[in-house]
Amino acid sequence: MKAFLERLEQAADLREVQSLVDHILDAARTGGKPEEKRRFLRNLLFNQALLSRLETPAAIDALLAATTPGEWDELFGNAVAKELPQLTVDLVDGLVDLDHGQLLRLLPPGSPKVLLQVLKRLNAYLEECEVSVRSLRGMRVARIMSDIYRTLAGESRAWRRALPPCCIDGQDIVQLKEAKQVEKLAAAYEARINQVQSIDLQRSLAALDSGRATAPRMIEAAYEQTFCIQAPLRLGISSANASDNHLRSKEQGGKTLNIAVNLQQGQQERAQPPLEVTTRRLAEPQLILRSRSRGFKADFEASKNSSAATVSELFFAYRRSGDEALRLVKQGLVHVGIVRPDSTDIIEDIAAFTGGGGLEITTSSKVLQGSGLGTSGILSAAILKMLYHLSGHPYAAPACEYPGLYDQSLMLEQSLGLNSGWQDARGASGGPSAIKNFYAPPTKGLPAPERTFLTEVDERLFTERVVLFDTGISRSSTRGLNVVLDAYLSRDRQRYAAIRESLAIHDDVVAALRAGAYPDLGQLANRYWQLRCILDPQATNDALQHLFENPQITDLTEGGLLTGAGGGGFALLIAAEGQAAALRTKLDKLRQRAAFAKSSVVSYQLNAQGIHLA
């Protein structure tokens with residue numbers, strides 16, 4: 001068996017591995033040392049050739065098909081019991097591209113003691129990790145523990161003793177373990193994944209507090225003026241399917257391709273920045289906040305004549321009510337230090353900032369929430385830019401805003417529980433070109449995306465060939481992110497293959513755009529969209545697929561995709577040469593269909609100016 005094991009470790013393809021597995025099984029049936037059987041498991045699971053091609057599950061399929069459950073238990077049950085805890089740790093520590101479920105398949109049914117040893121070994125591993133690594137690896141551990149506890153929920157005899165603790169446990173998990181509510185632990189660990197990611201992001205962002213420097217006082221030169229910050233939206237052509245997610249960026253690096261655009265809507269004569277934040281100082285101590293966003297209108301007014309306690313309660317109501325229309329601007333005031341985090345007198349805080357006066361802030365968005373155009377992230381950056389401008393903070397100056405302003409906007413969104421990636425606000429940043437390619441190298445700290453402007457792209461040709469279609473279907477801004485994160489953590493054989501391919505074709509998308517090769521860009525967009533739907537089947541539906549499958553449309557296009565996470569929002573369709581006008585006409589007629597009753601073809605212009613003071 002020894003010779004076969006050495007060859008297995010170096011085997012170069014699936015066929016060779018399968019042949020060696022047959023020989024090793026034959027040898028095991030006539031003997032074999034315990035340490036050889038344990039080495040067999042390790043060499044098979046961590047064969048580099050299979051891992052690189054995501055073929056290890058196929059090898060395990062063949063292995064288990066060649067034995068019966070009883071024979072497998074007899075031949076390798078003890079080896080699996082001894083080796084599985086450390087194999088699981090090595091899977092996590094080595095960022096191995098293998099679904100942990102493949103390891104658990106090797107364990108004979110009814111082995112709760114082994115699963116408990118896996119839980120204990122994973123905790124011991126995490127306790128030895130430094131803090132940031134513990135959070136990153138802890139997310140995958142939480143995903144593994146979720147599956148293990150789902151299995152153990154049916155093993156009541158396993159819970160006669162105390163459930164093993166883990167250093168990533170939150171208070172809710174601790175309480176569930178104390179109460180031995182095993183059936184609830186799988187869901188609790190799934191929820192813990194996002195909590196641990198948020199904790200690590202907050203830790204990474206905490207280093208920015210010194211750069212935040214708050215906004216202590218409004219500069220006197222701003223007292224008698226009204227200011228308006230305008231901002232474009234961003235078309236996301238590629239994010240390598242959510243590679244800007246915090247965990248993925250830190251472990252594997254992230255890539256995004258974004259284009260800042262102005263939109264022409266309604267009765268507008270030309271394309272204009274869709275987002276605005278206007279502000280003026282008021283003579284009397286008061287605070288007036290208004291949201292005039294499409295489908296999202298709200299007002300907040302308070303003065304010294306109001307009860308301070310009532311004003312404080314109403315101001316902070318957004319912390320209790322989810323999608324509150326004014327939450328971004330309210331939290332922005334807290335973020336820069338104008339309003340104290342637990343203020344009992346909001347108007348006193350505003351008066352201190354304005355030199356005894358008040359403040360009126362109005363935000364406006366011309367697109368619906370859930371557009372897939374990075375609205376909340378960009379609006380966060382615009383609000384912060386305005387507040388920094390009022391106090392003369394360097395982040396308000398175009399030469400100093402990158403990357404600080406955009407890191408702060410991400411911090412603002414995270415403080416509200418929004419699971420945005422780093423690309424959203426950055427896609428609206430200004431520079432030599434509206435078209436930007438970002439790459440964030442792997443890191444242990446805060447992802448630091450490197451920005452490259454694609455100045456060689458013919459912008460006139462781009463706006464002619466790339467048609468922007470508002471489907472009129474709203475989508476959740478964070479739903480898809482969690483689905484893709486689960487695919488990454490679980491290394492599910494089909495969905496993780498889609499993640500890998502998405503990252504691989506990103507550079508091809510950039511190259512096609514640079515070369516003006518729109519037929520290639522269309523084909524790549526089609527494939528990118530197919531990969532998105534593999535990762536998240538809910539990213540599409542029959543109505544949305546009409547855009548990509550109906551011959552009346554596809555005969556006029558080279559391909560296309562939905563921006564953002566899908567599920568609705570805006571579609572980018574690459575018109576075939578000479579067919580742009582016909583495509584726009586065909587899309588206009590889709591309003592006759594119930595699913596697209598609110599849809600429209602949107603004229604746009606590229607915006608290289610970015611978020612700016614009008």
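Sequence positions, counted from 1, serve as the residue numbers for this chain. The model shown is predicted, which means the values in this text are computed figures rather than measured ones. No hydrogens, no waters, no symmetry mates; every other heavy atom, side chains included, goes into these values.
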Whether [X] side chain and [Y] backbone form a donor-acceptor pair below 3.5 Å:
{"X": "Ser52", "Y": "Ala49", "result": "yes"}
{"X": "Ser135", "Y": "Val196", "result": "no"}
{"X": "Asn47", "Y": "Leu8", "result": "yes"}
{"X": "Arg203", "Y": "Ser132", "result": "no"}
{"X": "Asp244", "Y": "Gln423", "result": "yes"}
{"X": "Lys255", "Y": "Asp507", "result": "no"}
{"X": "Ser111", "Y": "Leu107", "result": "no"}

Look at [X] together with [Y] and state whether they make a salt bridge at an N to O cut-off of under 4.0 Å.
{"X": "Glu251", "Y": "Arg137", "answer": "yes"}
{"X": "Arg134", "Y": "Glu128", "answer": "no"}
{"X": "Arg493", "Y": "Asp99", "answer": "no"}
{"X": "Asp61", "Y": "Arg105", "answer": "yes"}
{"X": "Glu71", "Y": "Arg29", "answer": "yes"}
{"X": "Asp486", "Y": "Arg495", "answer": "yes"}
{"X": "Asp97", "Y": "Arg500", "answer": "yes"}

- Task: Dump the intermediate steps for side-chain hydrogen bond (donor to acceptor under 3.5 Å, both in side chains) on Gln197 and Asn245, then the final yes or no.
- Result: CA-CA 10 Å; Gln197 177 168 249; Asn245 165 266; 3.2 Å; yes
- Message: Would you compute the distance between atom CD1 of Ile473 and atom CG of Leu544 and round it to the nearest 0.5 angstrom?
- Response: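 That separation rounds to 4.5 Å.
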- Query: Which distance, rounded to the nearest 0.5 Å, do you find between the CG of Asn43 and the CD of Glu36?
  - Reply: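 With rounding to 0.5 Å, CG (Asn43) is 11.0 Å from CD (Glu36).
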- Message: Let's go through Tyr149 and Tyr189 carefully: what are the C-alpha distance in whole Å and the side-chain angles of both, what is the deciding distance for ring-ring contact (aromatic ring centres under 6.0 Å, His included) to 0.1 Å, and is it a yes or a no?
- Response: CA-CA 9 Å; Tyr149 278 110; Tyr189 271 108; 5.5 Å; yes
- Taking side-chain hydrogen bond (donor to acceptor under 3.5 Å, both in side chains) as the test, write out the residues that go with Glu83, two or more places apart.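 In terms of side-chain hydrogen bond (donor to acceptor under 3.5 Å, both in side chains), with neighbours along the sequence ignored, Glu83 is linked to Arg38, Arg42.
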- Message: Quick test of your reading: applying ring pair (Phe, Tyr, Trp, His ring centres under 6.0 Å), list the pairs with at least one residue in residues 5-58, sequence neighbours left out, ordered by first then second residue.
- Response: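 As it turns out, the ring pair (Phe, Tyr, Trp, His ring centres under 6.0 Å) pairs with a partner in residues 5-58, which skip direct neighbours, are Phe4-His23, Phe40-Phe76.
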Does one side chain, of [X] or [Y], offer a donor that lies under 3.5 Å from an acceptor on the other?
{"X": "Asp93", "Y": "Tyr125", "answer": "yes"}
{"X": "Arg426", "Y": "Tyr402", "answer": "yes"}
{"X": "Thr88", "Y": "Arg121", "answer": "no"}

- Do the ring centers of Trp529 and Phe548 come within less than 6.0 Å of each other?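 Yes, ring centres under 6.0 Å apart.
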- Given Val483, Asp492, Ile499, the one that forms side chain to side chain contact (heavy atoms under 4.5 Å, CB included) with Leu535: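 Going through the options one by one, the only one that passes is Ile499.
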- Message: If you count every heavy atom of other residues, nucleotides or ligands that lies below 6.0 Å from Asp22 atom CG, does the total exceed 12?
- Response: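 Yes.
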